[in-house]
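For reference, the structure discussed in these notes is given below.
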Amino acid sequence: MDSTGTESSTGTGAEKDKATACLTKATPAAPPAAAPDIQSHDTFVIKKKLSLTAGEYVVSVARPDGSEGEPVAYAREKRLSLRGQVTVYTDASRKSVLAAFKGRDHEVGYMYDVRDASGQPFGSFYEDAGASFLRRTWQVRQPGTMKLTGRERSRVVAFVRFVWEFVPYLEYVPFIWPYRFKYTESGKPLMTVTKKLGLHTRYVLEILAPDIDRRLAIAHTLALDTLEVD
(Lines give C-alpha, C1' and ligand atoms only; values in the text may rest on other atoms or scores of the structure.)
Protein backbone atom coordinates (compact mmCIF):
# COMPACT_ATOMS: atom_id res chain seq x y z
CA MET A 1 0.00 0.00 0.00
CA ASP A 2 1.06 3.65 -0.47
CA SER A 3 0.88 6.37 2.17
CA THR A 4 -2.84 6.90 1.48
CA GLY A 5 -3.65 3.25 2.13
CA THR A 6 -4.26 2.44 -1.54
CA GLU A 7 -2.58 -0.67 -3.00
CA SER A 8 -0.03 0.18 -5.70
CA SER A 9 -0.64 -1.45 -9.12
CA THR A 10 2.76 -0.67 -10.67
CA GLY A 11 4.47 -3.88 -9.62
CA THR A 12 1.39 -5.96 -10.36
CA GLY A 13 1.14 -4.70 -14.00
CA ALA A 14 4.80 -5.46 -14.65
CA GLU A 15 4.42 -8.95 -13.26
CA LYS A 16 1.35 -9.54 -15.47
CA ASP A 17 3.24 -8.42 -18.59
CA LYS A 18 6.13 -10.72 -17.72
CA ALA A 19 3.80 -13.65 -17.11
CA THR A 20 2.02 -13.01 -20.43
CA ALA A 21 5.34 -12.95 -22.26
CA CYS A 22 6.41 -16.23 -20.68
CA LEU A 23 3.08 -17.82 -21.52
CA THR A 24 3.40 -16.68 -25.16
CA LYS A 25 6.88 -18.19 -25.43
CA ALA A 26 5.78 -21.43 -23.84
CA THR A 27 2.79 -21.92 -26.19
CA PRO A 28 3.96 -24.09 -29.11
CA ALA A 29 3.15 -23.07 -32.66
CA ALA A 30 0.42 -24.99 -34.43
CA PRO A 31 1.88 -27.88 -36.43
CA PRO A 32 1.58 -27.74 -40.24
CA ALA A 33 -1.39 -29.53 -41.75
CA ALA A 34 -0.59 -33.13 -42.59
CA ALA A 35 -0.80 -34.30 -46.20
CA PRO A 36 -3.96 -36.28 -46.98
CA ASP A 37 -3.65 -40.04 -46.60
CA ILE A 38 -4.37 -40.93 -50.23
CA GLN A 39 -3.40 -44.59 -49.75
CA SER A 40 -6.57 -45.17 -47.74
CA HIS A 41 -8.80 -44.22 -50.68
CA ASP A 42 -9.77 -46.33 -53.69
CA THR A 43 -11.55 -43.97 -56.08
CA PHE A 44 -10.41 -40.56 -57.29
CA VAL A 45 -11.68 -37.89 -59.66
CA ILE A 46 -9.00 -36.11 -61.68
CA LYS A 47 -10.19 -32.89 -63.31
CA LYS A 48 -8.25 -30.65 -65.67
CA LYS A 49 -8.46 -26.95 -64.92
CA LEU A 50 -8.78 -24.40 -67.70
CA SER A 51 -5.45 -22.57 -67.94
CA LEU A 52 -3.64 -20.67 -70.68
CA THR A 53 -0.20 -21.05 -69.11
CA ALA A 54 0.08 -24.70 -68.12
CA GLY A 55 -1.81 -27.96 -67.78
CA GLU A 56 -3.20 -27.98 -64.25
CA TYR A 57 -5.19 -30.71 -62.52
CA VAL A 58 -7.04 -31.23 -59.25
CA VAL A 59 -7.19 -34.73 -57.76
CA SER A 60 -10.12 -35.33 -55.41
CA VAL A 61 -11.47 -38.29 -53.49
CA ALA A 62 -14.65 -39.51 -55.18
CA ARG A 63 -17.91 -39.43 -53.24
CA PRO A 64 -20.25 -42.45 -53.35
CA ASP A 65 -22.27 -40.74 -56.10
CA GLY A 66 -19.12 -40.24 -58.21
CA SER A 67 -18.83 -36.50 -57.65
CA GLU A 68 -15.69 -34.70 -56.49
CA GLY A 69 -15.03 -34.75 -52.78
CA GLU A 70 -12.01 -33.60 -50.79
CA PRO A 71 -9.03 -32.46 -52.91
CA VAL A 72 -5.95 -34.53 -52.06
CA ALA A 73 -3.44 -33.48 -54.73
CA TYR A 74 -2.72 -30.87 -57.37
CA ALA A 75 -0.71 -31.44 -60.55
CA ARG A 76 1.03 -29.20 -63.03
CA GLU A 77 2.39 -30.10 -66.45
CA LYS A 78 5.56 -28.50 -67.72
CA ARG A 79 4.74 -26.86 -71.03
CA LEU A 80 6.81 -27.52 -74.16
CA SER A 81 8.28 -30.69 -72.64
CA LEU A 82 8.74 -33.14 -75.51
CA ARG A 83 8.98 -36.15 -73.20
CA GLY A 84 6.23 -35.23 -70.81
CA GLN A 85 6.95 -33.83 -67.37
CA VAL A 86 4.38 -33.53 -64.60
CA THR A 87 4.73 -32.71 -60.90
CA VAL A 88 2.05 -33.67 -58.37
CA TYR A 89 1.78 -31.59 -55.19
CA THR A 90 0.07 -32.19 -51.87
CA ASP A 91 -1.74 -28.83 -51.83
CA ALA A 92 -2.66 -25.87 -54.01
CA SER A 93 0.34 -23.81 -52.86
CA ARG A 94 2.62 -26.27 -54.73
CA LYS A 95 5.21 -26.17 -51.95
CA SER A 96 5.27 -29.89 -51.15
CA VAL A 97 5.86 -32.52 -53.86
CA LEU A 98 3.91 -35.76 -53.73
CA ALA A 99 5.31 -37.32 -56.91
CA ALA A 100 6.68 -36.42 -60.33
CA PHE A 101 7.39 -38.15 -63.63
CA LYS A 102 9.40 -37.40 -66.73
CA GLY A 103 10.10 -39.44 -69.86
CA ARG A 104 13.50 -40.82 -70.81
CA ASP A 105 14.82 -42.73 -73.81
CA HIS A 106 14.42 -46.48 -73.49
CA GLU A 107 14.42 -49.54 -75.71
CA VAL A 108 10.62 -49.50 -75.61
CA GLY A 109 10.48 -45.84 -76.66
CA TYR A 110 9.87 -43.53 -73.74
CA MET A 111 9.95 -44.86 -70.18
CA TYR A 112 8.34 -42.68 -67.53
CA ASP A 113 9.88 -42.98 -64.07
CA VAL A 114 7.70 -41.86 -61.15
CA ARG A 115 9.71 -40.39 -58.27
CA ASP A 116 8.93 -39.18 -54.76
CA ALA A 117 9.77 -35.81 -53.22
CA SER A 118 13.41 -36.86 -52.62
CA GLY A 119 13.86 -37.98 -56.23
CA GLN A 120 13.75 -41.72 -55.53
CA PRO A 121 11.87 -43.81 -58.12
CA PHE A 122 9.04 -46.01 -56.86
CA GLY A 123 7.35 -46.97 -60.13
CA SER A 124 7.29 -46.55 -63.90
CA PHE A 125 5.10 -46.91 -66.96
CA TYR A 126 5.43 -46.98 -70.73
CA GLU A 127 3.22 -47.42 -73.75
CA ASP A 128 3.45 -50.83 -75.41
CA ALA A 129 3.93 -49.69 -79.01
CA GLY A 130 3.30 -53.09 -80.58
CA ALA A 131 0.11 -53.80 -78.69
CA SER A 132 -1.07 -50.19 -79.11
CA PHE A 133 -1.40 -50.48 -82.89
CA LEU A 134 -5.13 -51.18 -82.63
CA ARG A 135 -5.86 -50.86 -78.91
CA ARG A 136 -3.79 -48.49 -76.86
CA THR A 137 -1.87 -50.48 -74.23
CA TRP A 138 0.27 -49.42 -71.26
CA GLN A 139 2.57 -51.31 -68.93
CA VAL A 140 2.68 -50.04 -65.34
CA ARG A 141 5.40 -51.34 -63.03
CA GLN A 142 5.58 -51.16 -59.25
CA PRO A 143 8.86 -52.86 -58.27
CA GLY A 144 8.49 -55.81 -55.94
CA THR A 145 4.70 -55.62 -56.00
CA MET A 146 2.98 -55.93 -59.36
CA LYS A 147 3.07 -55.49 -63.12
CA LEU A 148 -0.10 -54.12 -64.62
CA THR A 149 -1.18 -54.19 -68.26
CA GLY A 150 -3.70 -51.48 -69.12
CA ARG A 151 -5.70 -51.72 -72.33
CA GLU A 152 -8.61 -49.83 -73.86
CA ARG A 153 -11.77 -51.86 -73.30
CA SER A 154 -13.75 -50.76 -76.36
CA ARG A 155 -12.45 -51.91 -79.74
CA VAL A 156 -14.77 -49.41 -81.46
CA VAL A 157 -13.42 -46.41 -79.54
CA ALA A 158 -9.88 -47.70 -80.06
CA PHE A 159 -10.49 -47.89 -83.83
CA VAL A 160 -11.93 -44.34 -83.91
CA ARG A 161 -8.86 -43.14 -82.01
CA PHE A 162 -6.60 -44.96 -84.50
CA VAL A 163 -8.29 -43.24 -87.46
CA TRP A 164 -8.30 -39.90 -85.60
CA GLU A 165 -4.51 -39.90 -85.38
CA PHE A 166 -4.16 -40.24 -89.16
CA VAL A 167 -6.50 -37.39 -90.11
CA PRO A 168 -4.45 -34.27 -91.02
CA TYR A 169 -4.15 -31.80 -88.13
CA LEU A 170 -6.35 -33.88 -85.84
CA GLU A 171 -3.29 -35.70 -84.52
CA TYR A 172 -2.48 -32.46 -82.65
CA VAL A 173 -5.92 -32.32 -81.04
CA PRO A 174 -6.71 -34.33 -77.87
CA PHE A 175 -9.08 -37.24 -78.44
CA ILE A 176 -12.36 -35.91 -77.04
CA TRP A 177 -14.44 -39.11 -76.98
CA PRO A 178 -14.79 -40.86 -73.58
CA TYR A 179 -12.91 -44.12 -73.13
CA ARG A 180 -12.00 -46.65 -70.46
CA PHE A 181 -8.78 -48.48 -69.65
CA LYS A 182 -8.78 -51.74 -67.72
CA TYR A 183 -5.59 -52.78 -65.88
CA THR A 184 -4.95 -56.42 -65.11
CA GLU A 185 -2.25 -58.73 -63.79
CA SER A 186 -2.47 -62.37 -64.92
CA GLY A 187 -5.98 -61.64 -66.11
CA LYS A 188 -7.16 -60.27 -62.76
CA PRO A 189 -8.63 -56.72 -62.92
CA LEU A 190 -6.84 -54.41 -60.47
CA MET A 191 -7.52 -50.88 -61.70
CA THR A 192 -9.64 -48.89 -64.17
CA VAL A 193 -9.37 -45.38 -65.60
CA THR A 194 -12.44 -43.87 -67.24
CA LYS A 195 -12.46 -40.63 -69.20
CA LYS A 196 -15.85 -38.96 -68.83
CA LEU A 197 -17.73 -37.02 -71.48
CA GLY A 198 -18.35 -33.39 -70.55
CA LEU A 199 -17.32 -29.77 -70.92
CA HIS A 200 -14.29 -30.35 -68.70
CA THR A 201 -11.65 -33.05 -69.05
CA ARG A 202 -12.40 -35.45 -66.22
CA TYR A 203 -11.16 -38.92 -65.28
CA VAL A 204 -12.33 -41.41 -62.68
CA LEU A 205 -9.59 -43.63 -61.28
CA GLU A 206 -10.75 -46.76 -59.46
CA ILE A 207 -8.21 -48.96 -57.67
CA LEU A 208 -9.20 -52.52 -56.78
CA ALA A 209 -5.95 -53.68 -55.10
CA PRO A 210 -4.80 -52.24 -51.74
CA ASP A 211 -1.10 -52.67 -52.59
CA ILE A 212 -1.14 -50.35 -55.60
CA ASP A 213 0.67 -47.12 -54.76
CA ARG A 214 -1.93 -44.39 -55.21
CA ARG A 215 0.78 -41.91 -56.24
CA LEU A 216 1.78 -44.17 -59.13
CA ALA A 217 -1.83 -44.71 -60.20
CA ILE A 218 -2.56 -40.97 -60.14
CA ALA A 219 0.63 -40.14 -62.04
CA HIS A 220 -0.21 -42.67 -64.76
CA THR A 221 -3.77 -41.36 -65.10
CA LEU A 222 -2.37 -37.86 -65.59
CA ALA A 223 -0.07 -39.24 -68.27
CA LEU A 224 -3.03 -40.60 -70.23
CA ASP A 225 -4.11 -36.99 -70.67
CA THR A 226 -0.82 -35.11 -70.92
CA LEU A 227 0.69 -37.59 -73.39
CA GLU A 228 -2.48 -38.07 -75.43
CA VAL A 229 -1.27 -36.15 -78.46
CA ASP A 230 2.36 -37.31 -78.32
Side-chain angles (χ1 to χ4, degrees), residues 37-48 57 59-62 66 72-73 75 77 83-88 98-117 120-158 161-162 175 177-196 201-230:
D37 179 18
I38 63 172
Q39 196 63 30
S40 63
H41 299 286
D42 299 325
T43 308
F44 301 88
V45 177
I46 299 175
K47 185 176 179 180
K48 189 173 186 178
Y57 302 81
V59 182
S60 305
V61 174
V72 292
E77 174 192 8
R83 301 182 182 183
Q85 184 173 351
V86 174
T87 303
V88 186
L98 181 68
F101 70 83
K102 180 180 180 181
R104 61 178 171 86
D105 291 325
H106 193 266
E107 59 185 11
V108 298
Y110 281 154
M111 173 72 75
Y112 297 88
D113 297 307
V114 186
R115 302 177 183 274
D116 60 20
Q120 295 299 313
F122 60 87
S124 62
F125 54 84
Y126 65 90
E127 185 169 8
D128 190 331
S132 291
F133 184 70
L134 290 179
R135 275 203 294 173
R136 202 171 181 188
T137 302
W138 288 83
Q139 303 293 337
V140 181
R141 301 290 184 261
Q142 186 173 314
T145 307
M146 59 190 63
K147 299 179 180 179
L148 301 177
T149 297
R151 182 176 290 111
E152 283 181 283
R153 294 195 62 181
S154 173
R155 294 181 182 273
V156 174
V157 174
R161 180 201 292 275
F162 176 78
F175 187 66
W177 196 257
Y179 55 78
R180 188 181 189 192
F181 277 81
K182 180 180 179 181
Y183 295 78
T184 63
E185 184 181 47
S186 301
K188 182 180 180 180
L190 298 180
M191 187 174 87
T192 62
V193 176
T194 305
K195 183 177 183 180
K196 297 294 186 178
T201 302
R202 184 168 170 267
Y203 296 84
V204 175
L205 165 64
E206 184 177 7
I207 302 171
L208 308 175
D211 293 338
I212 294 179
D213 194 316
R214 274 47 176 169
R215 298 171 300 171
L216 175 59
I218 290 171
H220 175 64
T221 304
L222 290 167
L224 291 180
D225 189 78
T226 61
L227 306 176
E228 194 169 82
V229 296
D230 285 2

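Not counting sequence neighbours, the partners of K188 by the side chain to side chain contact (heavy atoms under 4.5 Å, CB included) test are L190. In this view, A219 and F101, V114 satisfy the side chain to side chain contact (heavy atoms under 4.5 Å, CB included) rule, not counting sequence neighbours. With sequence neighbours excluded, the residues that form a salt bridge (Lys or Arg N to Asp or Glu O under 4.0 Å) with R202 are E68. Partners of A100 under the side chain to side chain contact (heavy atoms under 4.5 Å, CB included) rule, at least two apart in sequence or in another chain, are T87. Under the ring-ring contact (aromatic ring centres under 6.0 Å, His included) criterion, Y183 pairs with H220, sequence neighbours left out.
Inter-residue side-chain proximity for V204 and V193 is flagged as unmet; no heavy-atom pair is nearer than 4.5 Å. Between Y110 and L227, the closest side-chain pair of non-hydrogen atoms is not below 4.5 Å. Residues T201 and K47 fail the side-chain proximity criterion, which asks for heavy atoms closer than 4.5 Å. At least one side-chain heavy atom of I38 sits under 4.5 Å from a side-chain heavy atom of L98.
Across every non-hydrogen atom of A62 and V45, the tightest pair is CB-CG2, 3.8 Å. Contact record, Y179 with L224: OH-O, 3.9 Å, taken as the closest heavy-atom pair. When every heavy atom of S40 is checked against every heavy atom of D37, the shortest pair comes out as OG-O, 2.8 Å. For T149 against Q139, the heavy-atom pair with the smallest separation is OG1-OE1, 2.9 Å. Here the closest heavy-atom approach between residue P189 and residue L208 is recorded as O-CD1, 3.7 Å. Between P143 and G123, the closest heavy-atom pair is CD-CA, 3.9 Å.
At least one donor-acceptor pair closer than 3.5 Å links the side chain of E185 to the backbone N or O of K147. With hydrogens and angles ignored, the 3.5 Å screen pairs no side-chain donor or acceptor of T43 with any backbone N or O of H41. A donor-acceptor pair under 3.5 Å links the side-chain atoms of R135 to the main chain of E152, judged by distance alone. Remark: the backbone N or O of I212 is paired with a side-chain donor or acceptor of Q39 at under 3.5 angstrom.
The CD1 atom of I218 sits 14.0 Å away from atom OH of Y57, with the distance rounded to the nearest 0.5 Å. Note: F181 CZ to T194 OG1 = 10.5 Å, rounded to the nearest 0.5 Å. We find the OG-CZ distance between S124 and R104 to be 7.5 Å, quoted to the nearest 0.5 Å. Expressed to the nearest 0.5 Å, how far CG of L222 lies from CD of E77 amounts to 9.5 Å. Considering CG of D225 and NZ of K48, their distance stands at 4.5 Å, rounded to 0.5 Å. Interatomic distance, K195 NZ to Y203 OH, rounded to the nearest 0.5 Å: 4.0 Å.
Salt-bridge formation is not detected for the pair K102/D113: no Lys NZ or Arg NE/NH1/NH2 atom is positioned less than 4.0 Å from an Asp or Glu carboxylate oxygen.
Sorted by first and then second residue, the salt bridge (Lys or Arg N to Asp or Glu O under 4.0 Å) pairs with a member in residues 210-223 read D42-R214, D213-R215; sequence neighbours excluded.
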* Step by step, would you call E127 with R136 a side-chain contact (heavy atoms from CB on, under 4.5 Å)? -> CA-CA 8 Å; E127 185 169 8; R136 202 171 181 188; 3.1 Å; yes
